[in-house]
Amino acid sequence: MAHRYVPRAKHRYVGAYRPKIDAMDKALGRTKFFDDLSVAAAVPRMLHCAILNAPHANGRILSMDSSAAEAMEGVHAVLRYDDPEVLALKPTTHSWTDTAITPYHRETLPRWWDRVVLGDRSRFVGEQMGVAVAAETREIAEEALRRVRVEWETAPAFLETDEAMMEGAAILHPESSPDSNQTPHRLELEAVDESVDDIVLDVGDVEKALAEADAVVETDCTFGGDTVHGTLDFRGVMVRWDEDQMEVWTNHYFSDQVRMHLHEMLGLPLAKIRVHNTNCGAHMGKYNTGENVFFIIAAILSRRARRPVKYKMNVHEEFAESRTAVNFRIRAGAMKDGRITGWIWDGTANNGAYTCVTGYALTAFLCAEGMPRLFSSVESMRISSRVIFTNRLPGGVMRSIGNIQQNWPLSQTVDALAEKLGLDPIVIYKKNFGNPYNPYPNSSVAAVIDAGAREIGWERRHRAGEGEWIDGCKKRGLGMSLHNQWHAEWQENARGRIEVCIRVNPDLSVLLNAPTKETGAGGNSAAVLACAESLSFLGTAPEDIKWIAEGDTDMGLRDVPPTDSVVSFLLSEALVGAAREVKREFLARAALILGLEAASLDMDDGLIFAHGRPDEPLMRAGDLMMDDDCVPITGYNIRDNDKRPTGTGYGAWFAEVEVDTETGEARALHMVIVNDVGQVMHASGAESQQIGGISCIGMGESFSEELCYDRRTGALLNANYLDYRMQTLADSPPVSPILIEEWRGAGEYGACGIAESTTTGVCAAVGNAIYNAVGVRIGRPPFTPRKLLAALAAAKHER
Amino acid sequence: MNSNEISLVLNGRPCRLREGRDYEAHETLSHVLRERLGLTGVRVSCNAGACGACTVLLNGRSVLSCMMLAVQADGQSVTTIEALDSSDPVARAFAEESGPGYGTAMQCGFCTPGYVLEAKSLLAENPEPTREDIREGLSGHICRCGCYKGIEHAVERAARLCSREGGA
């Protein structure tokens, strides 16, 4: 059944069910992605760059002979690890966009400068390192790389954290941990002004709380390490030099970050670097980590070859960033009424080969967001953690980072506690979950749970494993999960001020300069609706507005990276002030023409009138410029985020699954997703995010997506879209999206992010539903037939 | 077939491509359409037949243009998304999808041209597809934004629009 959400406040356009502003362009293939702007037909004399992919997990270059590559016809430049210009480059980072160019005091997590541009050392198979080539075609460039002769020193690969800690394992990052593959602990680093990672928290008396609890459960759950973003639009850059100035096109999230990165690494003045970003395809956070080494490599190659150089990842390179694997062992205690009194979270992250944002996925998130906003009522808690380097793919920013690694063990623990106490898990969620900004019981928690339970038919839920048999071999079950929406305005302080500009033409059509990259999240559609809403005094409709699509560092406004799913409401909040400026200028010009004081005038729906006399219009806004000098009216606003803490709303996920106990196959029969977002900015877009969060990554991580490594060499075996099985339409289950406006944030609209959070509780709800169906828990998704059959066999054996 | 030329009807217009100038014998159809002719609505992602983004119509039936050589299109009719305009009922159904309950039929739009052409091919062959026909017919495509409910609903609507207005 389709739920049309009920708006809390009346708006003309904000929150509407409407097509996306660029839907027809997208349907007709007219939207331009990076790869479309850099086709050979459009860029004469363009060269193609290829970078060596390391063949060894632990390799060091002893010597290199690139003469055969340099001599190849069609090769224009070769850049090596021992080139003086390369050796002089500073190491760089893969920190994410909203922190990477902000000053330290605004950071939400520490940065690690552990990436070397064209280094001589590999830490995972496929790492870009050693040597890069620019040639007439990509094929020639790749053939040239094959002709480079390298003498390697190698060491055995290791993929798991216990192997990494064994004596004799190669030390992957001696620059930060000379003797171990464990990253330095926070306490060891506090004395120096360096990056920190592990976080330990100890509040209350957790041992006493557990000893006095009516029920204690222990869970051991791992999430991550098995999946990648699976974007279709591969990352890339094209660089063109004009004398000492460079122009850059990329599908990176944030043109200004690329500009700052090139400035910092190459020492070029900012005014001589122009970066355009284009639309990008379903990156799911991937291009959030931005300071990729290929920007610098392409820039140097282009300058040396005196030709435009394009670099675009191949499918293997595109795979080389995964969801960080995090294991949590939890001990939790609760009283008979369901009140959680204490718990211990002990986490271990398999970092992969580089740090990126693993600390966030592990405990930074838990401390920064989990504690204050998810379960602040729990008085006794201890968190300990460690981060270990291995030769797996580095972790990266993947949709729902941190939240999903936390929600998985959390929901399994709550479900197990509920069973042990003989309670419905809903009772535990309502009793414990919330934040200090909304008195307990939290009204948002209750609203999302009640709506979801109604839709799925939660009253049908039976005790674990006690449902009816279907066809003699199948069983069905229901499960749920809960999490906060986590991206509210006050949390977005780190990204700093936001600029927008509204330019009204003489005919009242509007140019909206609210630059952000359109990744599919729909910040552009939401901005247009909010712009029309704010320009209601002109009678502007969304159709009157042209959104200037491309981020362009020479256009004068800094773009807002579409990270954290917040761009829709952050731009919308900033537009309120820009519209106010437009109105002020309209009234000032009208006052001059009318010979009146501007303060005595007002306007609405395109008519200007004396205050309080809307029925006696003095002039039409549409005549104002046309009858004057036709100079457009521009309203600019730069706005810092509202820092008042407001907490966030919550989201709930409900699943009904069917498990075939003979084949081990599990499938979702119905998924329900409920999100309290404070204010829906664009209903069609928000529901699309809800459906997408379930249908693609959510179902993929539950059932089909799984990276396979060769344990001997450390090589990834299924780095392609045939063997790494992503969901298609034929796999997608029925999804019921439900939007709620219960919680309210700061600002004009009081919204929070939605897109990223939609994936958070999917696997957890499915895992609990599987337990409800057949009484076995799988400690680590995906729930494949192999794992389910093994668990069912073990359970049978135990009985 | 002339050994160093291919003739085809591209988006309704007869054209002749010359080897060396317009294509090379080893180049895929998707490469020639995108890189040489600038028809960038033909999206290339996996380049291995797994994602469906590069779908074009060959004599009205969907094919993966990354999985065939340009020379294999000799003498045939090739339709890319560029042949369509906003009056096309299938494109309209995709663009207008907006819920409630179905979301949209695209988010980023990278894969959408492939879906639109696949849907046109399906509806040309089967004007009244069941939901299962649609799910099966479009299962060779990946929408990583996961807009499957919107896509399914858009194709159902497109079928109705086509039967009313004609012209899948």
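Chain naming here is simple, since letters A, B, ... match the order of the sequence lines and numbering starts at 1 in each.
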Please identify, among B:I81, B:L138, B:L39, the residue contributing the most non-hydrogen atom pairs under 4.5 Å to chain A.
B:I81
If I take atom CG from residue B:N47 and atom CG from residue A:N720, how far apart are they, to the nearest 0.5 angstrom?
12.0 Å
Checking the side chain of B:E35 only, and the main-chain atoms of A:A40 only, is there a donor and an acceptor separated by less than 3.5 Å?
yes
In Å and rounded to the nearest 0.5 Å, what is the CD to NZ distance from A:Q690 to B:K149?
10.0 Å
Hey, are B:T40 and A:K32 close enough side-chain-wise for a donor-acceptor pair under 3.5 Å?
yes
Interface check, chain B: of A:R30, A:H229, A:M699, most non-hydrogen pairs under 4.5 Å belong to A:H229
Under 4.5 Å from a heavy atom of chain A, the part of B:R36 involved
backbone
Answer with side chain, backbone, both or neither: which region of A:Q689 has an atom nearer than 4.5 Å to a non-hydrogen atom of chain B?
both
One should read off an interatomic distance between B:I142 CD1 and A:M726 CE, to the nearest 0.5 angstrom, of 3.5 Å
Nearest-0.5 Å distance, CG of residue B:D88 to CG of residue A:L28
7.5 Å
Is it the side chain or the backbone of A:Y721 that comes within 4.5 Å of chain B heavy atoms, both, or neither?
both
Against chain A, work out which of B:C111, B:A53, B:S86, B:G99 has the most heavy-atom pairs shorter than 4.5 Å and name it.
B:S86
Charged N to carboxylate O below 4.0 Å: is that the case for B:R43 and A:D36?
yes
Counting heavy-atom pairs under 4.5 Å with chain B, which one of A:G692, A:S525, A:C280 comes out on top?
A:G692
Using a 4.5 angstrom heavy-atom cutoff, name the option from B:C46, B:G41, B:A83, B:A50 with the most pairs to chain A.
B:A50
To check you understand the geometry: which heavy-atom pair defines the closest contact between A:A23 and B:A95, and what is its length?
CB-O, 3.2 Å
Please evaluate residues B:S98 and A:R18 with respect to the criterion side chain to side chain contact (heavy atoms under 4.5 Å, CB included), reporting the C-alpha separation (whole Å), side-chain torsions for both, the decisive distance (0.1 Å), and the verdict.
CA-CA 6 Å; B:S98 53; A:R18 296 172 68 102; 5.6 Å; no
Side chain from CB out, backbone as N, CA, C, O: work out which of these in B:L117 comes under 4.5 Å of a heavy atom of chain A, or both, or neither.
neither
Exam field: side chain B:Q107 to backbone A:S688, donor-acceptor pair closer than 3.5 Å:
yes
Shortest non-hydrogen pair, A:A27 vs B:F94, comes out as CB-CB, 4.4 Å
Kindly determine whether A:M24 and B:R92 satisfy side chain to side chain contact (heavy atoms under 4.5 Å, CB included), including the steps that lead there.
CA-CA 7 Å; A:M24 187 56 86; B:R92 263 170 44 215; 3.8 Å; yes
Proximity breakdown for A:D731 and chain B, heavy-atom pairs closer than 4.5 Å:
backbone
What is the distance from atom CZ of A:F234 to atom CZ of B:F110, rounded to the nearest 0.5 Å?
8.0 Å
With rounding to the nearest 0.5 Å, note down the distance linking SG in B:C108 to CE in A:M284.
7.5 Å
Are B:R144 and A:E705 close enough for a salt bridge, meaning some N to O gap below 4.0 Å?
yes
Note: A:K312 and B:V44 closest approach over all heavy atoms is NZ-O, 4.0 Å
For B:P113 against A:K26, the heavy-atom pair lying closest together
CD-O, 3.8 Å
Is it the side chain or the backbone of B:V42 that comes within 4.5 Å of chain A heavy atoms, both, or neither?
neither
With a 4.5 angstrom heavy-atom cut-off, could you sort out which part of A:D233 is near chain B: side chain, backbone, both or neither?
both
Residue pair B:R135, A:S732: steps toward the side chain to side chain contact (heavy atoms under 4.5 Å, CB included) verdict:
CA-CA 9 Å; B:R135 290 168 69 86; A:S732 66; 3.5 Å; yes
Taking it one step at a time, do B:C51 and A:L232 satisfy side chain to side chain contact (heavy atoms under 4.5 Å, CB included)?
CA-CA 8 Å; B:C51 73; A:L232 298 187; 4.1 Å; yes
Just to verify, which of A:I691, A:L729, A:I694 counts as forming a side chain to side chain contact (heavy atoms under 4.5 Å, CB included) with B:Y148?
A:L729
